[in-house]
Amino acid sequence: MTSSSGASSNDAGDPKWDPTPPLPPPTTPIPDRSSSESTPHQALSVPVRVSATNVGVHKRKPTPINRTPRAKAAAQMKPIITTTTESLMQTQEQQQQQNSYSNNHSPTHFVRGGTPCDPAPAPFRLADYGEESVHTLILLRHGESEWNRQNRYTGWCDVDLTDRGRQEARAAGRLLMENGIEIDHAFTSVLKRASFTTNMALNMANQHWVQVTKTWRLNERHYGSLQGYNKDTAYEELGIDQELLMEMRRSYNTPPPRMEDDHKYWHGNYRRYQNLSKEQLEASRGESLKDTADRIMPFFKNIIVPSMQTGNKCMIVSHANTIRTLIKQIDGITDEDIKGMSIPTGIPLLYRLDKNMKPVDPNVELEFRYMVEPKGFTFATSRAHGFHGVYLGDVERLQEIQKKRDATNRDWQRIILRNLARALDEEQSGGVLSGVLELRQFWWKLNHKMQTKEFGNMLLLERMKEQLEHLMHHRRQQFLTMNAFESILNKVHLDNEGKLVEPFQCLKDEEARRERQRQWHESLALDLEEECLIK
């Protein structure tokens with residue numbers, strides 16, 4: 001048979017013959033449709049037959065997992081991943097180190113071009129004696145501007161310096177150089193009269209390389225709609241009461257009329273103020289001295305004071321009301337006393353501050369407690385108000401400035417007395433000016449006005465009160481005409497003009513220094529005696 005012969009031939013000599021019986025073709029069982037596990041979408045499996053040619057063929061062994069192409073690629077990537085992790089850790093360490101650097105750096109380190117990776121300096125500590133035992137702060141008002149000469153309200157209007165103002169700026173730098181005062185960091189406003197003064201003063205002092213920080217927070221007080229008007233005629237042009245206008249200029253809490261968008265000198269469209277918020281821009285439409293302080297002091301406390309605490313000798317070149325605000329905060333001067341303080345243009349004002357940022361008395365403490373050589377002149381009558389600043393200038397110019405300040409204050413007091421007499425005349429005559437005043441009523445109203453602390457220390461008001469008392473008690477006079485009132489007012493004004501009470505005291509005066517030295521040694525001896533008794 002064919003089948004048997006074929007089988008025998010395979011048994012005899014075909015090496016590929018396999019004696020094991022062939023396996024039945026693999027089949028996949030048909031799932032039971034009645035089973036709850038089957039799904040309606042499960043397809044039926046069809047029996048799969050294996051051809052005879054595939055039966056008995058040698059299968060390739062499976063490749064180990066560590067030899068697959070993916071495993072080889074993973075093995076090659078493993079060192080890279082490890083390196084990346086290590087570099088990431090190094091980066092984190094560097095970042096932490098940079099953060100520690102940046103936390104230890106002074107606020108001016110980055111302004112001067114430093115980087116976070118620079119080594120942090122050692123903590124600054126004041127010395128026990130000498131110039132390095134106190135912090136140094138210089139306050140400088142810009143030189144005379146064009147509107148200062150024209151007697152106009154300047155505020156935030158950006159006007160240039162006059163030729164005299166440029167000379168004052170250079171003279172301020174010369175005073176810094178002559179007194180050996182070094183500056184490490186300067187601050188100024190964004191107005192050109194202050195910026196130009198800063199550059200000229202530093203150039204003249206041979207310190208042109210000093211870092212300068214400019215900010216709108218050191219701008220002059222904003223005078224609102226008064227800006228651009230003459231100080232003598234603004235009340236007529238704007239229809240404002242003259243006494244109220246003088247109160248706006250000198251009082252601490254009274255703001256000027258607000259500036260609107262259609263004002264000629266509205267600053268809201270300038271690019272230099274584009275980063276101001278809406279609230280800041282609205283607040284800058286007209287500022288009182290209190291509003292000015294609220295704008296300045298955050299910058300002073302958060303930027304300037306930390307700069308001094310890191311050892312920098314700082315200079316602030318700014319404007320009259322800005323410097324007046326800083327003096328008030330540093331010395332703790334009252335609202336009433338700060339009004340009478342006038343800030344001269346182009347004269348450096350030197351402050352020495354202790355470790356607590358409190359002003360040091362230049363009379364005694366600077367000479368003997370800190371062993372620092374005194375410089376400049378100080379205003380004698382301001383010492384009673386707690387004024388610790390020292391001017392680096394000549395006595396003649398400072399006396400001239402004081403005379404101008406006193407003249408301005410007397411003009412204000414004349415306006416107050418004249419308005420008081422006019423109001424009493426209208427009250428007594430029923431709204432019609434009669435030109436006659438009743439002395440007792442006038443004295444009573446004047447005395448009532450002087451009860452407030454704001455008007456109680458005005459010299460002309462005190463002199464007018466004495467004149468009224470003289471007329472009532474010695475001459476038994478009951479009435480006073482307006483013409484007689486004007487003549488008395490002029491007489492009182494002229495009698496007190498130019499009479500200054502020791503306006504400035506030279507700290508280098510030999511006799512005063514000897515007396516202070518004697519007091520110092522006596523106090524030192526008493527301290528030593530007490531120490532010996534305690535021991």
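The chain is numbered in sequence order, starting from 1.
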[X] and its side chain to side chain contact (heavy atoms under 4.5 Å, CB included) partner, picked from [options]:
X      : options                : answer
Leu137 : Arg352, Met308, Lys313 : Met308
Tyr351 : Asp331, Thr136, Ile138 : Asp331
His319 : Leu191, Thr345, Thr154 : Leu191

Applying side chain to side chain contact (heavy atoms under 4.5 Å, CB included) to Ile488 and Leu471, what does each step give before you reach the verdict? CA-CA 11 Å; Ile488 294 175; Leu471 292 176; 3.9 Å; yes
Distance from [X] atom [atom1] to [Y] atom [atom2], nearest 0.5 Å?
X      : Y      : atom1 : atom2 : value
Leu480 : Leu437 : CG    : CG    : 5.5 Å
Asp232 : Leu245 : CG    : CG    : 10.0 Å
Ile316 : Phe299 : CD1   : CZ    : 8.0 Å
Ser307 : Gln211 : OG    : CD    : 10.0 Å
Met259 : Lys264 : CE    : NZ    : 11.5 Å
Met482 : Leu489 : CE    : CG    : 9.5 Å

Using a 3.5 Å distance criterion without hydrogens, assess whether the side chain of [X] forms a donor-acceptor pair with backbone atoms of [Y].
X      : Y      : answer
Asp425 : Ala421 : no
Arg141 : Ile343 : yes
Asn148 : Ser145 : yes
Ser277 : Gln280 : yes
Thr197 : Arg193 : yes
Gln207 : Ile181 : yes

Establish, yes or no, whether the cationic atom of Arg285 lies under 6.0 Å from the six-membered ring centre of Trp266 and within 45° of the ring axis. yes
Any luck finding a side-chain donor-acceptor pair between Asn230 and Tyr153 under 3.5 Å? no
Side chains of Ser189 and Lys214 only: does a donor on one sit below 3.5 Å from an acceptor on the other? no
Please indicate whether [X] has more than 12 foreign heavy atoms, meaning atoms of other residues, nucleotides or ligands, lying under 6.0 Å from its [atom1].
X      : atom1 : result
Glu132 : CD    : no
Arg440 : CZ    : no
Lys358 : NZ    : no

Which residues satisfy the side-chain contact (heavy atoms from CB on, under 4.5 Å) test with [X], sequence neighbours excluded?
X      : value
Asn206 : His208
Lys465 : Trp443, Leu446, Asn447, Met450, Glu469
Val436 : Ser434, Phe479

Considering only NZ, NE, NH1 and NH2 on the basic side and carboxylate oxygens on the acidic side, decide whether Glu282 and Lys278 come within less than 4.0 Å. no
Closest non-hydrogen atom pair, [X] against [Y]:
X      : Y      : answer
Gly173 : Ala205 : O-CB, 3.5 Å
Gly286 : Asp291 : O-OD2, 4.1 Å
Gly311 : Asp184 : O-OD2, 3.7 Å
Ser288 : Pro256 : N-CD, 4.2 Å
Val210 : Ile183 : CG2-O, 3.2 Å
Pro257 : Leu226 : CD-CG, 4.1 Å

Table please: side-chain donor-acceptor pairs of residues 217-224 below 3.5 Å, with sequence neighbours left out.
{"unit_1": "Arg217", "atom_1": "NH1", "unit_2": "Arg295", "atom_2": "O", "d": "3.1"}
{"unit_1": "Asn219", "atom_1": "OD1", "unit_2": "Val190", "atom_2": "N", "d": "3.4"}
{"unit_1": "Asn219", "atom_1": "ND2", "unit_2": "Tyr273", "atom_2": "OH", "d": "3.0"}
{"unit_1": "Glu220", "atom_1": "OE1", "unit_2": "Asn321", "atom_2": "N", "d": "3.3"}
{"unit_1": "Glu220", "atom_1": "OE1", "unit_2": "Asn321", "atom_2": "ND2", "d": "3.3"}
{"unit_1": "Arg221", "atom_1": "NE", "unit_2": "Glu287", "atom_2": "O", "d": "2.6"}
{"unit_1": "Arg221", "atom_1": "NH1", "unit_2": "Met248", "atom_2": "O", "d": "3.1"}
{"unit_1": "Arg221", "atom_1": "NH2", "unit_2": "Met248", "atom_2": "O", "d": "2.7"}
{"unit_1": "Arg221", "atom_1": "NH2", "unit_2": "Thr254", "atom_2": "O", "d": "3.4"}
{"unit_1": "Arg221", "atom_1": "NH2", "unit_2": "Glu287", "atom_2": "O", "d": "3.4"}
{"unit_1": "His222", "atom_1": "ND1", "unit_2": "Gly224", "atom_2": "N", "d": "2.9"}
{"unit_1": "His222", "atom_1": "ND1", "unit_2": "Ser284", "atom_2": "O", "d": "3.3"}
{"unit_1": "His222", "atom_1": "NE2", "unit_2": "His267", "atom_2": "ND1", "d": "3.4"}
{"unit_1": "His222", "atom_1": "NE2", "unit_2": "Ser284", "atom_2": "O", "d": "3.3"}
{"unit_1": "Tyr223", "atom_1": "OH", "unit_2": "Asn321", "atom_2": "ND2", "d": "3.0"}

Pairs flagged by side chain to side chain donor-acceptor pair (under 3.5 Å) wherever residues 470-489 is involved - sequence neighbours left out: Arg418-Glu486
Distance-only check: which donor-acceptor pairs under 3.5 Å involve side-chain atoms of residues 159-166, not counting sequence neighbours?
{"unit_1": "Thr162", "atom_1": "OG1", "unit_2": "Glu144", "atom_2": "O", "d": "3.1"}
{"unit_1": "Thr162", "atom_1": "OG1", "unit_2": "Glu144", "atom_2": "OE1", "d": "2.9"}
{"unit_1": "Thr162", "atom_1": "OG1", "unit_2": "Gly165", "atom_2": "N", "d": "3.1"}
{"unit_1": "Asp163", "atom_1": "OD1", "unit_2": "Arg166", "atom_2": "NH1", "d": "2.9"}
{"unit_1": "Arg164", "atom_1": "NE", "unit_2": "Glu168", "atom_2": "OE2", "d": "3.3"}
{"unit_1": "Arg166", "atom_1": "NH1", "unit_2": "Leu161", "atom_2": "O", "d": "3.4"}
{"unit_1": "Arg166", "atom_1": "NH1", "unit_2": "Thr162", "atom_2": "O", "d": "3.4"}
{"unit_1": "Arg166", "atom_1": "NH2", "unit_2": "Leu161", "atom_2": "O", "d": "3.2"}

Could you go through the side chain to side chain contact (heavy atoms under 4.5 Å, CB included) check for Met315 and Leu202 one step at a time? CA-CA 10 Å; Met315 180 174 69; Leu202 291 176; 3.8 Å; yes
Looking at Trp147 versus Tyr265, is the centre-to-centre ring distance below 6.0 Å? yes
For the pair Gln441 and Leu424, evaluate side chain to side chain contact (heavy atoms under 4.5 Å, CB included) and give the outcome as yes or no after the intermediate values. CA-CA 8 Å; Gln441 289 290 331; Leu424 178 61; 4.0 Å; yes
Ring geometry between Phe187 and His185 (parallel below 30°, tilted from 30 to 60°, perpendicular above 60°): tilted
Does the pair Arg414 and Asn490 meet the rule for a side-chain hydrogen bond (donor to acceptor under 3.5 Å, both in side chains), with working shown? CA-CA 9 Å; Arg414 285 175 64 98; Asn490 293 332; 2.9 Å; yes
Walk me through whether Glu427 and Lys445 qualify under salt bridge (Lys or Arg N to Asp or Glu O under 4.0 Å). CA-CA 12 Å; Glu427 180 182 346; Lys445 285 188 173 295; 3.4 Å; yes
List the steps, then state whether side chain to side chain contact (heavy atoms under 4.5 Å, CB included) holds for Phe485 with Leu417. CA-CA 10 Å; Phe485 165 76; Leu417 289 172; 4.1 Å; yes
